[in-house]
Colleague: 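The structure is given below, and queries will be raised subsequently.
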Amino acid sequence: MAPPPEPRRPYKRPAISDQQRRRELALQAQSARRADAQARARALASSLLTTPTPPAATDRHGEEEEEEHGHTVAAAASKLRGSDARRWFARQIMLPEWMVDAPPLLASDWHVFARPSGKRCLVVSSNGMTISRVRNGSILHRFPSALPNGSKRDISGPASSYSILDCIFHEPDQTYYIIDMICWRGYSLYDCTAEFRFFWVNSKLTETSAGDPPSTYHRYRFSAVPIYECTLEGLQAAYSGKTPYVKDGLLFYNKHAHYQAGITPLTLVWKDETCSQYVIDTDSRGEIPNEQQLVLELQEDGKLVTSDDPPVVFGSLDKEFIQKSNLLAGNLLRFAVRDESVTLVDGKMQIGQLQFVGKPNRARAFADSHSKALFQYAARHAPLRIDDLVASIQSNNMELESTDVEMQD
């Protein structure tokens with residue numbers, strides 16, 4: 001009798017980038033990073049509130065150094081103006097890379113949730129007030145809230161104790177949707193895993209009345225987004241399930257990721273026409289241009305780079321053009337990219353020719369990332385589809401089942 005045929009593995013879209021390699025490096029780097037989480041949280045809270053908090057007296061020399069470092073960073077940040085200030089504040093938020101390849105362990109190592117459409121911001125509550133700032137550092141709202149020490153009516157413990165939430169403000173229902181937590185009542189969560197931070201968001205929010213309807217001492221409602229394990233069922237719920245907010249794509253968080261300021265491959269954003277109105281970037285008139293456009297930063301030597309760390313160089317401008325156009329180092333510039341000038345080499349996008357279009361909106365904080373440029377290119381030609389994510393999860397499940405069988409044998 002012939003043996004039964006082996007089950008066919010789902011087709012997996014071949015990788016087009018080096019995203020997985022950088023994810024592995026990011027996980028290694030965070031485990032080796034010095035634990036200065038408390039000082040970082042203190043510095044950020046002071047900067048968000050605009051009034052640096054002086055270091056408290058302590059008998060422990062190490063804590064004194066950390067406090068003074070936090071105070072110095074906050075004081076320096078408060079003096080920044082213009083593009084420098086916008087760039088500094090933008091770097092305090094953990095920003096996702098754009099998913100150009102499905103991670104190999106989606107089902108076992110990742111969470112997923114529907115991203116609310118709206119303004120990404122950091123919210124800090126302390127000393128009887130609450131302030132939210134968007135990514136360029138501008139204050140979105142200054143208001144009383146039911147967060148810890150978020151209003152004069154609700155001060156418990158030290159008044160200077162602070163909480164910092166990573167939120168998206170959803171205009172239609174005037175709600176702050178919490179997508180992450182950086183600090184709660186002075187306890188920093190920078191070096192905690194995403195899995196733990198998500199648990200705290202849900203458990204700590206229920207300890208307050210911040211989720212209640214707005215009132216005199218609680219102007220805006222706060223709500224946690226529903227977060228799922230990235231199984232087939234979880235992906236389906238995030239992708240197709242109903243939400244109280246308008247969706248703008250899906251966010252994927254590696255369960256082991258710490259809160260890392262700046263762009264990281266340990267969080268990913270993915271979009272298609274079903275879960276977002278904005279898949280392909282539009283121009284200043286809100287229309288999709290015939291050619292892909294991207295925003296790059298001009299450096300001192302004329303190179304045009306992305307916002308990655310380290311930045312990816314996509315081209316350069318000669319001195320004559322820079323002088324005639326009155327351009328300065330640090331300027332953000334918009335370019336059009338012709339399809340025939342794009343090649344993919346070792347997981348990196350290379351552009352043979354850039355066509356200068358102009359300057360983007362002045363409120364913009366930083367250039368496009370390499371992964372966004374690559375995602376936008378793929379979205380126009382060979383997009384990563386929901387079926388590719390499903391296939392990655394199914395493949396992961398089959399590998400886990402195969403491992404279980406081997407262990408039983």
Side-chain angles (χ1 to χ4, degrees), residues 9-33 91 94-106 109-110 252-254 256-257 260 262-272 279-281 291-299 301-317 332-355 366-385 387-389 391-393 395-396 399:
R9 287 189 177 274
Y11 171 76
K12 290 181 66 175
R13 179 177 182 267
I16 63 172
S17 78
D18 62 347
Q19 210 164 44
Q20 176 59 19
R21 180 184 65 82
R22 288 182 291 102
R23 262 192 295 274
E24 294 168 355
L25 292 174
L27 285 169
Q28 294 172 12
Q30 74 176 18
S31 63
R33 195 176 296 124
R91 295 288 185 190
M94 183 161 73
L95 300 172
E97 285 198 8
W98 290 71
M99 185 191 286
V100 291
D101 295 318
L105 299 176
L106 260 181
D109 283 5
W110 294 78
F252 296 80
Y253 274 61
N254 187 286
H256 311 291
Q260 176 183 326
I263 301 172
T264 171
L266 299 178
T267 61
L268 302 167
V269 61
W270 175 86
K271 298 180 180 183
D272 72 358
V279 179
I280 296 179
D281 280 354
E291 296 178 329
Q292 179 182 349
Q293 295 188 358
L294 67 155
V295 175
L296 300 172
E297 181 179 333
L298 178 64
Q299 293 193 319
D301 57 3
K303 290 180 179 177
L304 299 166
V305 301
T306 66
S307 58
D308 300 275
D309 184 17
V312 176
V313 179
F314 272 147
S316 63
L317 296 177
L332 298 180
L333 309 175
R334 185 180 294 278
F335 295 89
V337 181
R338 293 179 178 173
D339 289 347
E340 61 269 21
S341 70
V342 176
T343 55
L344 300 179
V345 180
D346 295 330
K348 288 286 193 298
M349 185 176 179
Q350 295 185 355
I351 302 174
Q353 185 179 4
L354 292 167
Q355 183 178 352
F366 49 83
D368 287 332
S369 64
H370 173 264
S371 64
K372 180 178 180 180
L374 190 50
F375 181 92
Q376 288 292 312
Y377 179 77
R380 288 171 171 265
H381 302 283
L384 182 69
R385 303 186 184 279
D387 291 344
D388 297 316
L389 305 186
S392 179
I393 292 173
S395 178
N396 187 190
E399 289 171 3

Colleague: Report the residues that fulfil side-chain hydrogen bond (donor to acceptor under 3.5 Å, both in side chains) with Arg22, sequence neighbours left out, ordered by chain and then residue number.
Modeller: Asp18, Glu97
Colleague: Report yes if the side chains of Leu266 and Gln30 come closer than 4.5 Å at any heavy-atom pair, otherwise no.
Modeller: yes
Colleague: Should we say atom CZ of Arg380 is surrounded by more than 12 heavy atoms from elsewhere, each under 6.0 Å from it?
Modeller: yes
Colleague: Could you check if a side-chain atom of Arg23 sits within less than 4.5 angstrom of a side-chain atom of Pro103, using non-hydrogen atoms only?
Modeller: yes
Colleague: Going by atom types only, do Gln28 and Glu24 share a side-chain donor-acceptor pair under 3.5 Å?
Modeller: no
Colleague: Taking the side chain as C-beta and beyond, is there a heavy-atom pair between Phe335 and Ile351 under 4.5 Å?
Modeller: no
Colleague: Of the non-hydrogen atoms in Ser17 and Val100, which two are nearest, and what is the gap between them?
Modeller: OG-CG2, 3.2 Å
Colleague: Return the minimal non-hydrogen interatomic distance between Pro383 and His381, and the atom names on each side.
Modeller: CD-C, 3.8 Å
Colleague: Holding to side-chain hydrogen bond (donor to acceptor under 3.5 Å, both in side chains), I want the full list of residues that pass it with Asp109, two or more places apart in sequence or in another chain.
Modeller: none
Colleague: Are the side chains of Phe314 and Asp368 in touch, meaning some heavy atoms are under 4.5 Å apart?
Modeller: no
Colleague: If only atom types and distance count, is the side chain of Gln19 paired as donor or acceptor with the main-chain N or O of Gly347 below 3.5 Å?
Modeller: no
Colleague: Applying side chain to side chain contact (heavy atoms under 4.5 Å, CB included) to Leu95 and Phe366, what does each step give before you reach the verdict?
Modeller: CA-CA 12 Å; Leu95 300 172; Phe366 49 83; 3.5 Å; yes
Colleague: Run Val312 and Val305 through side chain to side chain contact (heavy atoms under 4.5 Å, CB included) and show every step you take.
Modeller: CA-CA 5 Å; Val312 176; Val305 301; over 6 Å; no
Colleague: Evaluate side chain to side chain contact (heavy atoms under 4.5 Å, CB included) for Arg385 paired with Asp272, printing each intermediate quantity in order.
Modeller: CA-CA 7 Å; Arg385 303 186 184 279; Asp272 72 358; over 6 Å; no
Colleague: Go through the structure and list residues passing ring pair (Phe, Tyr, Trp, His ring centres under 6.0 Å) with Tyr253, not counting sequence neighbours.
Modeller: Phe113, Phe198
Colleague: Which heavy atom of Phe375 sits nearest to which heavy atom of Lys271, and what is that distance?
Modeller: CZ-O, 3.6 Å
Colleague: With side chains defined as the heavy atoms from C-beta onward, is the minimum distance between Glu291 and Asp339 less than 4.5 Å?
Modeller: no
Colleague: What residue among Leu296, Leu294, Leu317, Val295 forms side chain to side chain contact (heavy atoms under 4.5 Å, CB included) with Leu333?
Modeller: Leu317
Colleague: I want to check something: taking the side chain as every heavy atom from C-beta on, are Phe252 and Leu389 in contact at a cut-off of under 4.5 Å?
Modeller: yes
Colleague: Looking at every heavy atom in both Thr306 and Pro311, which two are closest together, and how far apart are they?
Modeller: O-CB, 3.5 Å
Colleague: Just so I know, are the side chains of Ser307 and Ile263 near enough to count as touching, which here means a heavy-atom distance under 4.5 Å?
Modeller: yes
Colleague: If you draw a 6.0 Å radius around CG in Asp301, do more than 12 non-hydrogen atoms from other residues or ligands fall strictly inside?
Modeller: yes
Colleague: Can you measure from CD (Gln20) to CG (Asp101) and round to the nearest 0.5 angstrom?
Modeller: 9.0 Å
Colleague: I need the His370 NE2 to Asp308 CG distance, nearest 0.5 Å.
Modeller: 7.5 Å
Colleague: Could you walk me through whether Leu298 and Leu304 pass the side chain to side chain contact (heavy atoms under 4.5 Å, CB included) check?
Modeller: CA-CA 5 Å; Leu298 178 64; Leu304 299 166; 4.0 Å; yes
Colleague: Between Gln292 and Ala373 (side chain of the first, backbone of the second, donor and acceptor by atom type, cut-off under 3.5 Å), is there such a pair?
Modeller: yes
Colleague: Between Leu374 and Leu344, is any pair of side-chain heavy atoms under 4.5 Å apart?
Modeller: yes
